[in-house]
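First the structure, in the form of structure tokens, and then the observations on it.
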Amino acid sequence: MFATTISPAGEQSRRQVSPDLAFALLAGLAAYALTALSPAILNDSDTYWHILSGSWMLDHHVVLRGDVFSYTATGAPVSTQSWLAEIVMAWAFRAARWAGIHALFGVAAGLTAFVVARF
């Protein structure tokens, strides 16, 4: 692939786009499409838990440390190792419902594939 640029003096020059970069972009786009358009990405019950936990943390401005959702174990200690991801998932869900979650997961998969393909 070639990209044509015009220099300030008005001269045209051609520079070649790296095939490695083109492959990385294609890998990232493919991973995004496969992830964002896959209905099976949400077949995990933990997705609901993460969105609810993130929403609770956004509403209360504190990281979740105890169980506030169950009736029988209220106050039991909870290890929230992925609190930042839960907050981002709650933002995506609040912004665009399930389409926001699909887009978020697609962007994460696409960026991961792009970075891996670059190396």
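Any value given below was found using the heavy atoms of this structure, including those in side chains, with hydrogens, waters and symmetry copies removed.
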Pairwise distance CZ(F23) to CZ(R118) - rounded to 0.5 angstrom: 11.5 Å
Y71 reachable from V78 in the ILVMFWY side-chain graph, under 4.5 Å edges: no
Distance in Å, R97 CZ paired with H102 NE2, rounded so as to fall on 0.5 Å steps: 14.0 Å
From CA spacing to verdict: side chain to side chain contact (heavy atoms under 4.5 Å, CB included), W98, T47: CA-CA 11 Å; W98 293 109; T47 305; 4.0 Å; yes
V62-I87 co-clustered via ILVMFWY side chain contacts under 4.5 Å: yes
Connected via hydrophobic side-chain network under 4.5 Å: V115 and L29: no
V116: hydrophobic cluster co-members (side-chain, 4.5 Å): none
S45: partners by side chain to side chain donor-acceptor pair (under 3.5 Å), with sequence neighbours left out: none
Results of salt bridge (charged side-chain N to carboxylate O under 4.0 Å, His left out) for D59 - residues two or more places apart only: R94
CH2-CD distance between W91 and E86, expressed to the nearest 0.5 angstrom: 13.0 Å
Minimum heavy-atom distance between P39 and L37, given as atom pair plus value: CD-O, 3.4 Å
Atom CH2 of W56: over 12 foreign heavy atoms under 6.0 Å: yes
Cluster companions of V107 among Ile, Leu, Val, Met, Phe, Trp, Tyr (side-chain spacing under 4.5 Å): Y32, L111
Straight-line distance of L58 CG to M89 CE, nearest 0.5 Å: 12.0 Å
Worked verdict on V88 versus L104 for side chain to side chain contact (heavy atoms under 4.5 Å, CB included): CA-CA 9 Å; V88 172; L104 174 67; 3.7 Å; yes
Side chain to side chain donor-acceptor pair (under 3.5 Å) partners for D20, two or more places apart: none
Note, L64 side chain near F69 side chain (heavy atom, < 4.5 Å): yes
Set of ring-ring contact (aromatic ring centres under 6.0 Å, His included) partners for H61, sequence neighbours left out: none
Side-chain touch T35/I41, heavy atoms, less than 4.5 angstrom: yes
Spacing of L21 atom CG and Q16 atom CD [to the nearest 0.5 Å]: 12.0 Å
Heavy-atom closest pair, residues A113 and A27: CB-O, 3.7 Å
Any donor-acceptor N/O pair, S55 side chain to I51 backbone, under 3.5 Å: no
same_hphob_cluster(L34, L42) at 4.5 Å side-chain heavy-atom cutoff: no
Atom of G54, atom of A90 and distance for their closest heavy-atom approach: C-CB, 3.5 Å
